[in-house]
J.: 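First, the structure itself, so that you have it in front of you.
Predicted model, so just to flag it, every value in this text is computed and none were measured.
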Amino acid sequence: MKKIGFIGMGNMAQAIADGFVAQGVADKADVYAYAPNQDKLRANAERIGFVPMASLAELIEACDTLIMACKPYQVASVIRDAGDAMDGKALISIALGWDFAAYARVLPDDARIQFVMPNTPARIGDGIFLFEAIYTLEEQERMQVMDAFSGLGMVRELPAHLMGIGGAITGCGPAFIDIYIEAMSDDAVKYGIPRALAYELVSGTVRGSASLQSATGEHPGALKDAVCSPGGSTIRGVDALEKGGFRGICIAAIDAVMGQNR
């Protein structure tokens, strides 16, 4: 994984490239990217520090490991345009829906493939990366890839049939949590706390609560109970959340991502 080439440079690719450079996973001179919008690509390259490439062909030629980070509907055309140029390259896919089975239908049997579901906190080294358990990377090569991503956060392996729900939780979850942070901050502002301080307090509370659960391994319900004094303020707030269907809404959000109706 000496020279890394991003095919596409959207928000997720930017977060990973930014994380690779900022966390010292790769030298910025060894991180390359190609995207059709060259002006935006060069602007992101200046901000993050990767090497912008003028064409897909030049990117593929320059890199040992390719990260497919374009929009899912663009993947088939990228593969078609690349032709035989991708032969011998390791392909890491972060394009939603393009798992091992999808690539196996369009690439030769000897292609080296790994599907990874990332999330945006990778930008600050606190991401989650789900590696599909079926792959064709060489074992040493895969370990190098996993080590690289572990520099940006948590790496976990999931069987193919659980990648969808895992990605719904870790990939979509940050947006849902951001809505919670925004809502709590809005209420803090309503009662007089300045906006910037409101974000700081709410985000710090979310971070600390998650860290406490992770560090102790305690059931979230037990941690909630520890804050709820009999007849106290917190239990009244919990009661309001329950009456508003908070748990059900959280479950429904993931069901919507999974394409299910309850």
Side-chain angles (χ1 to χ4, degrees), residues 10-19 22 44 47-48 69 71-72 94 96-97 117-130 152-154 156 158 162-262:
N11 290 335
M12 192 66 251
Q14 289 176 48
I16 295 174
D18 200 357
N44 285 326
R47 177 177 61 83
I48 296 172
K71 291 179 172 57
I94 64 169
L96 185 63
M117 283 294 298
N119 68 359
T120 51
R123 190 173 63 183
I124 59 165
D126 202 14
I128 298 178
F129 302 93
L130 305 178
L152 307 185
M154 179 193 302
R156 293 292 184 270
L158 283 180
L162 293 181
M163 287 294 287
I165 181 60
I169 297 293
T170 62
C172 303
F176 307 153
I177 294 168
D178 288 337
I179 292 173
Y180 173 81
I181 292 171
E182 183 182 29
M184 292 283 282
S185 299
D186 283 347
D187 212 39
V189 171
K190 182 177 74 176
Y191 284 98
I193 294 180
R195 173 69 62 179
L197 180 57
Y199 288 150
E200 185 179 359
L201 295 178
V202 177
S203 293
T205 300
V206 170
R207 181 173 59 251
S209 299
S211 296
L212 177 62
Q213 194 285 320
S214 294
T216 63
E218 291 187 50
H219 191 290
L223 294 173
K224 177 264 295 177
D225 288 350
V227 186
C228 294
S229 302
S233 300
T234 305
I235 193 62
R236 290 197 293 271
V238 169
D239 180 57
L241 289 175
E242 296 289 3
K243 288 176 178 176
F246 183 72
R247 294 170 192 255
I249 290 171
C250 292
I251 292 170
I254 298 301
D255 286 342
V257 174
M258 298 296 290
Q260 297 180 8
N261 296 316
R262 293 182 64 85

J.: Restricting to non-hydrogen atoms, name the atom on Val189 and the atom on Ala198 that form the minimum distance, rounded to 0.1 Å.
T.: CG2-CB, 4.1 Å
J.: To the nearest 0.5 angstrom, please state how far the CG atom of Leu212 sits from the CZ atom of Arg207.
T.: 13.5 Å
J.: Which pair of heavy atoms, one from Ala168 and one from Ile254, lies closest together, and at what distance?
T.: O-CD1, 3.9 Å
J.: Which donor-acceptor pairs under 3.5 Å do side chains of residues 170-180 form with protein atoms, sequence neighbours excluded?
T.:
| from | atom 1 | to | atom 2 | distance (Å) |
| --- | --- | --- | --- | --- |
| Thr170 | OG1 | Gly166 | O | 2.9 |

J.: Which atom names give the shortest non-hydrogen contact between Tyr199 and Ser185, and what distance separates them?
T.: CD2-OG, 3.1 Å
J.: Shortest non-hydrogen contact from Asp18 to Arg47?
T.: OD2-NH1, 3.9 Å
J.: Under the side-chain contact (heavy atoms from CB on, under 4.5 Å) rule, what do Arg156 and Ile128 come out as? Steps first, then yes or no, please.
T.: CA-CA 8 Å; Arg156 293 292 184 270; Ile128 298 178; 5.6 Å; no
J.: Once rounded to the nearest 0.5 Å, what's the spacing between atom CZ of Phe129 and atom CD1 of Ile16?
T.: 5.5 Å
J.: Less than 4.5 Å apart, side chain to side chain, heavy atoms only: is that true for Glu182 and Val202?
T.: no
J.: Is it true that, when you exclude Leu96 itself, more than 12 heavy atoms of the residues, nucleotides or ligands shown sit nearer than 6.0 Å to its CG?
T.: no
J.: Between Asp186 and Lys190, does any side-chain N to carboxylate O distance fall below 4.0 Å?
T.: no
J.: Between NZ of Lys243 and CG of Leu241, what distance do you get to the nearest 0.5 Å?
T.: 11.5 Å
J.: Can you name the side-chain hydrogen bond (donor to acceptor under 3.5 Å, both in side chains) partners of Asp126, sequence neighbours left out?
T.: none
J.: Using every non-hydrogen atom in the two residues, find where Met12 and Asn119 come nearest and quote the distance to one decimal.
T.: CE-O, 3.1 Å
J.: Report, one line per pair, each donor and acceptor closer than 3.5 Å where one atom sits in a side chain of residues 218-232; sequence neighbours left out.
T.:
| from | atom 1 | to | atom 2 | distance (Å) |
| --- | --- | --- | --- | --- |
| His219 | ND1 | Gly221 | N | 2.7 |

J.: Can you confirm whether Arg247 is buried at CZ, in the sense that more than 12 heavy atoms of other residues, nucleotides or ligands lie under 6.0 Å from that atom?
T.: no
